[in-house]
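First up is the structure itself, then whatever we jot down about it.
Since the structure is predicted, the reported quantities are computational estimates derived from the model, not experimental observations. Basis for what follows: all heavy atoms, side chains included, without hydrogens, waters or symmetry-related copies.
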Amino acid sequence: MFPGGGQPDLQAILQQAQQMQQALAAAQDQLANEEVTGSAGGGLVTATMTGSGELTAVTIAPAAVDPDDLETLQDLVVAAVRDASRLAGELTADRMGPLAGGLGGGFPGGGLPGGGGVPGLPGA
């Protein structure tokens, strides 16, 4: 069961868990400071989001504004935000994936029960 048949070294396990916790916290801090930008309508509408999922800006080109067709503009804003959210999810998976793999290894989605929750990525 354990290498050499002995008992696990609880101090070593606790130290490893603490190191993992510190690495996860550092990765989360890094994600909060990184930004991605999604777009729609060929760049007429862009949405900027942090890696941690906070929407920080929406930009709308004047050409996208038609007072007689607000529904299209609304759809473009939603599409740009969804694109930014997808990119933020990919960034999170990229940054957290190696760390999550150390949390159990055998779980689908890189070590976290439930698969990590990033739609479209393996294990989601």
Side-chain angles (χ1 to χ4, degrees):
M1 188 160 160
F2 295 106
Q7 294 295 319
D9 181 354
L10 293 178
Q11 184 65 29
I13 292 171
L14 289 174
Q15 185 177 19
Q16 185 178 14
Q18 185 178 21
Q19 289 171 349
M20 178 71 68
Q21 185 178 22
Q22 290 170 346
L24 284 170
Q28 288 170 335
D29 287 344
Q30 183 181 10
L31 282 170
N33 292 316
E34 290 188 64
E35 291 186 336
V36 294
T37 300
S39 66
L44 289 175
V45 176
T46 62
T48 302
M49 187 174 280
T50 66
S52 60
E54 179 185 352
L55 184 65
T56 59
V58 173
T59 304
I60 300 171
V65 180
D66 179 355
D68 296 325
D69 185 13
L70 291 178
E71 188 173 325
T72 296
L73 178 56
Q74 292 165 347
D75 291 343
L76 289 173
V77 170
V78 169
V81 171
R82 283 185 180 157
D83 190 40
S85 180
R86 177 188 58 80
L87 293 170
E90 289 175 2
L91 181 64
T92 299
D94 182 55
R95 297 292 187 270
M96 302 295 274
L99 295 173
L103 294 176
F107 294 110
L112 294 175
V118 180
L121 293 178

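Under a hydrophobic clustering in which Ile, Leu, Val, Met, Phe, Trp and Tyr are joined whenever their side-chain heavy atoms come within less than 4.5 Å, directly or via other members, Val81 and Val65 fall into the same cluster. Residue Val58 is grouped with residue Leu87 when hydrophobic side chains (ILVMFWY) are merged at heavy-atom distances under 4.5 angstrom, including chains of intermediate members.
By the neighbour-count criterion of 12 heavy atoms within 6.0 Å, atom CD of Gln30 is densely surrounded, having more than that number from other residues, nucleotides or ligands.
Between Val45 and Leu73 there is a side-chain heavy-atom pair separated by less than 4.5 Å.
Taken to the nearest 0.5 Å, the CD atom of Glu35 stands 10.0 Å off from the CG atom of Leu55.
Of the possible donor and acceptor atoms, none in the side chain of Thr48 sits under 3.5 Å from a partner among the backbone N and O of Thr56. When atom types are taken as modelled, the side chain of Thr92 and the backbone of Ala88 share a donor-acceptor pair closer than 3.5 angstrom. Of the possible polar contacts, none joining the Thr50 side chain to the Leu31 backbone as a donor-acceptor pair under 3.5 Å is found.
Residues Ala40 and Ala80 come closest through the heavy atom pair CB-N, 3.7 Å.
Annotation: side chain to side chain donor-acceptor pair (under 3.5 Å) contacts involving residues 69-80, sequence neighbours excluded, comprise Asp69-Thr72.
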Requested in this report: Assess whether side-chain contact (heavy atoms from CB on, under 4.5 Å) is satisfied between Met49 and Ser85, documenting all intermediate values.
Outcome: CA-CA 7 Å; Met49 187 174 280; Ser85 180; 4.1 Å; yes
